[in-house]
Amino acid sequence: MALRFYNTLTQELEDFHPLVDNTVRMYTCGPTVYNFVHIGNFRTFTFQDILRRWLSYRGYELNHVMNVTDVDDKIIINADKERKSIEDYTALYTKAFFEDAAALRLQQPEHVSKATEHIPMMVKAIEELTAKGCTYTSEGSTYFRIGSFPPYGKLSHNDFSGMRTGARVDVDEYDKADARDFVLWKARKENEPAWDTPFGEGRPGWHIECSAMAMHYLGDTLDIHAGGIDLVFPHHENEIAQSESITRKPFSRFWLHSEHLHIESQKMSKSLGNFYTLRDLLDLGYQPETIRYLLASVPHRKKLNFTFEGLKAAAKSIERLRDFELRLASSKLSPGRNEELTERSEAAIRQFEESMDDDLNTAEALAAVFEYVRAMNTALDDNLYLEENRWESARVLEVFDSVFDVLKPTQSGGELNDSDIEAKIEERNQARKARDFKGADAIRAALMEKGIVLEDTKDGVRWKRK
RNA sequence: GGCGCGGUAGCCAAGUGGUAAGGCAGAGGUCUGCAAAACCUUUAUUCGGCGGUUCGAUCCCGCCCCGCGCCUCCA
């Protein structure tokens with residue numbers, strides 16, 4: 001089965017191929033850096049990371065642009081409250097965002113583009129729109145005239161004809177000709193950052209930022225545009241209106257949207273106050289990869305209900321896979337190859353690939369891995385697993401981890417280094433040999449105290465960090 | 001009201017017109033000096049409700065109930 005994605009634009013699953021050569025031109029809406037982003041936001045960024053990794057796995061080159069919105073209403077208000085400059089204020093949260101993203105093992109897009117560094121591209125885009133008669137000005141601000149773009153609503157599948165009015169409608173503090181119109185350029189206000197342009201001093205509206213930067217780096221037509229589902233309307237709809245009005249070409253071939261992270265059956269959001277940041281969860285003692293696993297384990301088009309029970313389950317799931325990895329590495333195996341297991345390994349990879357190809361069905365892909373692990377454990381128990389099968393299983397885990405990236409522990413730390421631990425274990429083995437179980441148990445307990453778990457197996461003692 | 005998504009075991013959740021993946025938790029077992037850990041087995045006659053289509057529906061259609069999202073900023 002070919003790689004396919006559900007496209008919000010067509011509301012269908014479609015086979016995916018890049019338009020030009022082997023490179024996927026992709027744009028994703030990044031954070032607005034007015035605060036710490038929460039793990040609901042990171043669900044979307046984790047989805048985008050899984051998408052990236054799977055496209056890479058499938059042999060495509062990536063040209064991925066993510067914006068950072070570093071000038072907007074909230075930023076201006078918050079920075080003012082804290083009496084910081086916009087630059088200092090956004091620098092803080094931009095840094096925090098990328099630290100958190102790194103902790104979650106999110107790959108960096110090829111281009112991270114800050115809005116404030118791309119004002120000329122936005123100005124050019126607005127001028128082009130004006131030349132095409134798609135704009136008007138009102139009280140110093142420039143607006144996009146929705147009436148000039150008949151397909152408006154094609155992404156969100158909304159029919160806006162009922163809202164079409166000739167009357168002037170006052171919405172917010174701006175004066176628009178039509179309720180649907182949106183601002184391209186906001187007139188300068190007192191104490192706000194502003195850029196001088198042919199159409200007046202001011203700052204960009206949110207939507208033009210993404211259109212301008214996407215087209216600047218990726219050309220007229222993108223292969224994929226992705227973001228959270230709440231951006232479908234109006235943000236992505238507006239991007240289409242702007243870009244396609246300029247180019248008269250499709251702005252993006254595929255639109256991929258991820259569902260929300262819920263908490264107690266409600267959208268996790270800043271405004272509801274029901275959110276956790278990554279830092280919150282790390283402070284509670286959870287590992288970043290546990291959160292990554294949880295966010296990645298449910299397919300992106302499904303709502304995911306966040307619970308601490310779910311988080312603990314994620315941690316245990318990772319542990320099960322790491323235990324298998326450790327068992328593989330530490331088992332004494334007879335020489336040879338079990339062909340049946342070889343086939344089983346190939347089948348596992350095939351199932352994993354087919355699941356991921358199917359609109360990134362991570363839940364099904366995980367099932368393939370866990371079924372495989374159980375089968376191999378059983379074979380190990382029954383001494384049917386042979387030396388030559390070892391690398392095949394390693395390959396299965398490698399494929400899995402090239403996407404999920406959770407097997408390597410984040411903390412290699414702890415007070416004891418490996419050789420200290422090995423020495424203690426040897427000490428305990430001597431005590432056991434001498435039937436000094438009290439002494440042996442004391443060593444075991446001391447290690448346990450430091451987070452080192454010992455397992456007595458038929459192949460000797462195995463240990464891991466808890 | 002319009003548009004969109006969903007309701008599957010205690011929890012998180014796949015999935016298919018032919019009789020329910022996987023993970024966690026629970027129960028049993030194996031291993032062990034004991035333990036822990038690990039591993040194995042097991043757990044839904046049933047997929048929100050009612051009709052319909054069909055030889056057969058959890059999966060298709062209709063209606064209803066419930067939850068969520070967007071329609072203003074929002075991942």
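The chains referred to below are lettered A, B, ... by the order of the sequence lines, with proteins before strands, and numbering in each begins at 1.
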Participant: Between A:R428 and B:A35, is there a side-chain N or O to OP1/OP2 distance below 4.0 Å?
Facilitator: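 No.
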Participant: Which part of the nucleic acid, if any, lies within contact of A:L454, taking any heavy atom under 4.0 Å across all strands shown: a base, the sugar-phosphate backbone alone, or nothing?
Facilitator: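 Answer is base: heavy atoms of A:L454 come under 4.0 Å of a base.
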Participant: So, OP1 or OP2 of B:C71: does either fall under 4.0 Å of a side-chain N or O from A:N158?
Facilitator: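 It does not, given that no N or O in the side chain of A:N158 lies less than 4.0 Å from OP1 or OP2 of B:C71.
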Participant: Distance between the C1' atoms of B:C11 and B:U19, in whole angstroms?
Facilitator: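 One C1' to the other, the span is 26 Å.
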Participant: Taking atom P in both B:G6 and B:U46, compute the distance separating them and give it to the nearest angstrom.
Facilitator: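 It works out to 25 Å between them.
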Participant: Quick one: are the ring centres of A:Y93 and A:F36 less than 6.0 Å apart?
Facilitator: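 Yes - the distance between ring centres of A:Y93 and A:F36 falls below the 6.0 Å cut-off.
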Participant: I'd like to know if the side chain of A:R462 reaches the main chain of A:E455, judged simply by a donor and an acceptor atom lying under 3.5 Å from each other, with no hydrogens or angles considered.
Facilitator: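 No: the side chain of A:R462 does not pair with the backbone of A:E455.
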Participant: Do we see a donor-acceptor contact under 3.5 Å between the side chains of A:Y152 and A:N158?
Facilitator: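 Their side chains do not contain a donor-acceptor pair, so the 3.5 Å distance test is not met.
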Participant: I want to check one thing: is the phosphate of B:A38, taken as OP1 and OP2, less than 4.0 Å away from some side-chain N or O of A:R462?
Facilitator: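 The answer is no; no side-chain N or O of A:R462 sits under 4.0 Å from OP1 or OP2.
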Participant: Only one of A:V24, A:D223, A:V65 forms a side-chain contact (heavy atoms from CB on, under 4.5 Å) with A:L218, so which one is it?
Facilitator: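 The passing option is A:V65.
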Participant: Within the distance-only criterion (no hydrogens, no angle test), does the side chain of A:R395 pair as donor or acceptor with the backbone N or O of A:E346 below 3.5 angstrom?
Facilitator: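 Not at all, since once roles are kept as given, no pair shorter than 3.5 Å links the two residues.
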Participant: Counting N and O atoms only, with roles assigned by atom type, does the side chain of A:T362 sit under 3.5 Å from a partner on the main chain of A:A296, one being a donor and the other an acceptor?
Facilitator: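 Looks like yes, one N/O pair under 3.5 Å.
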Participant: Which part of the nucleic acid does A:Q48 contact within heavy-atom distance under 4.0 Å: base, sugar-phosphate only, or nothing?
Facilitator: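 No contact at all - A:Q48 keeps every heavy atom at 4.0 Å or more from the nucleic acid.
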Participant: Polar atoms only, N or O, under 3.5 Å: list the protein pairs with nucleotides 65-68 of chain B and their distances.
Facilitator:
{"unit_1": "B:C68", "atom_1": "O2'", "unit_2": "A:H262", "atom_2": "NE2", "d": "3.0"}

Participant: Could I get the full list of side-chain contact (heavy atoms from CB on, under 4.5 Å) partners for A:L333, not counting sequence neighbours?
Facilitator: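 side-chain contact (heavy atoms from CB on, under 4.5 Å) check on A:L333 returns A:S331, A:L380, A:Y385, A:E387, A:R390.
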Participant: Classify the nucleic acid contact of A:K302 as base, sugar-phosphate or nothing, counting any heavy atom under 4.0 Å across all strands shown.
Facilitator: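 Contact class for A:K302: sugar-phosphate only.
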Participant: Please measure how far the C1' atom in B:A44 lies from the corresponding atom in B:A13, and state the result in whole Å.
Facilitator: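 Those two atoms are separated by 14 Å.
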Participant: Hey, do the aromatic rings of A:H38 and A:F306 have their centres closer than 6.0 Å?
Facilitator: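 No.
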Participant: Mind checking the C1' distance from B:U54 to B:G62? Whole angstroms is fine.
Facilitator: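 That atom pair is separated by 16 Å.
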Participant: On RNA chain B, nearest-nucleotide positions of A:R327 versus A:S269: which is more 5'?
Facilitator: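 Residue closer to the 5' terminus by nearest nucleotide: A:R327.
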Participant: Quick check for you: among B:C12, B:C70, B:C73, whose closest atom lies nearest to any side-chain atom of A:V298?
Facilitator: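 The answer is B:C12.
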Participant: Look at all strands and tell whether A:N377 reaches a base, only sugar-phosphate, or nothing, counting heavy atoms closer than 4.0 Å.
Facilitator: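 If one applies the 4.0 Å heavy-atom cut-off, A:N377 turns out to touch the sugar-phosphate alone, with no base involved.
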Participant: For A:F306 and for A:K316, find the nucleotide of RNA chain B with the closest heavy atom, then tell me which residue's nucleotide is more 5'.
Facilitator: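 Between the two, 5'-proximity favours A:F306.
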Participant: Classify the nucleic acid contact of A:L380 as base, sugar-phosphate or nothing, counting any heavy atom under 4.0 Å across all strands shown.
Facilitator: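 The answer is nothing, as A:L380 stays clear of every strand by at least 4.0 Å.
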Participant: In whole Å, what separates the C1' atom of B:C60 from that of B:C70?
Facilitator: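 Result for the C1' pair: 28 Å, nearest Å.
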Participant: Is any side-chain N or O of A:D441 under 3.5 Å from a base N or O of B:G33, one able to act as donor and the other as acceptor?
Facilitator: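 Such a pair exists between side chain and base.
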Participant: OP1 or OP2 of B:G15 less than 4.0 angstrom from a side-chain nitrogen or oxygen of A:N361, does that happen here?
Facilitator: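 Yes, A:N361 has a side-chain N/O under 4.0 Å of OP1/OP2 on B:G15.
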Participant: If you measure from CD1 on A:I452 to CG on A:L447, what distance do you get to the nearest 0.5 Å?
Facilitator: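 Atom-to-atom, A:I452:CD1 and A:L447:CG are 6.5 Å apart.
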Participant: Which whole-number value in Å describes the distance from A:E325 CD to B:A38 P?
Facilitator: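 Checked: the CD to P distance equals 15 Å.
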Participant: Does B:A37 have its OP1 or OP2 closer than 4.0 Å to a side-chain nitrogen or oxygen of A:R444?
Facilitator: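 For A:R444, the contact criterion (side-chain N or O under 4.0 Å from OP1 or OP2 of B:A37) is not met.
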Participant: Among the nucleotides B:A75, B:C73, B:A38, which one has an atom lying closest to any side-chain atom of A:D323?
Facilitator: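 Comparing B:A75, B:C73, B:A38 against the side chain of A:D323, the answer is B:A38.
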Participant: Taking atom P in both B:U53 and B:C40, compute the distance separating them and give it to the nearest angstrom.
Facilitator: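 To the nearest whole Å, 47 Å.
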Participant: Represent RNA chain B in dot-bracket notation, 5' to 3'. Only Watson-Crick or G-U wobble pairs with both distances under 3.5 Å count; pseudoknot-style crossings use [ ] and interstrand partners use |.
Facilitator: (((((((..(((.....[...))).(((((.......))))).....(((((..]....))))))))))))....
Participant: Identify whether a stacking contact exists between A:F437 and B:G33, where the ring centres must be under 5.5 Å apart and the planes under 30° apart.
Facilitator: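 Whether judged by distance or by angle, A:F437 passes, so it stacks on the base of B:G33.
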Participant: Under 4.0 Å, counting only non-hydrogen atoms across every strand here, what does A:G227 touch: a base, just sugar-phosphate, or nothing?
Facilitator: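 Sugar-phosphate, backbone atoms only, no base.
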Participant: With heavy atoms under 4.0 Å as the rule, sort A:E371 into base, sugar-phosphate or nothing.
Facilitator: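 Sugar-phosphate: the residue A:E371, judged by heavy atoms under 4.0 Å, touches backbone atoms but no base.
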Participant: Once you measure the plane-to-plane angle for A:F149 and A:F144, does it fall in the parallel (<30°), tilted (30-60°) or perpendicular (>60°) bin?
Facilitator: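 Aromatic pair A:F149/A:F144 classed perpendicular.
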Participant: May I ask you to check whether A:F42 and A:F97 place their ring centers less than 6.0 Å from one another?
Facilitator: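 Centroid separation for A:F42 and A:F97: below 6.0 Å.
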Participant: If we take the C1' atom in both B:C5 and B:A9, what is their distance in whole Å?
Facilitator: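 Between the two C1' atoms, the distance is 23 Å.
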Participant: I'd like the C1' distance from B:C31 over to B:A37, given in whole Å.
Facilitator: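 B:A37 and B:C31 have their C1' atoms separated by 11 Å.
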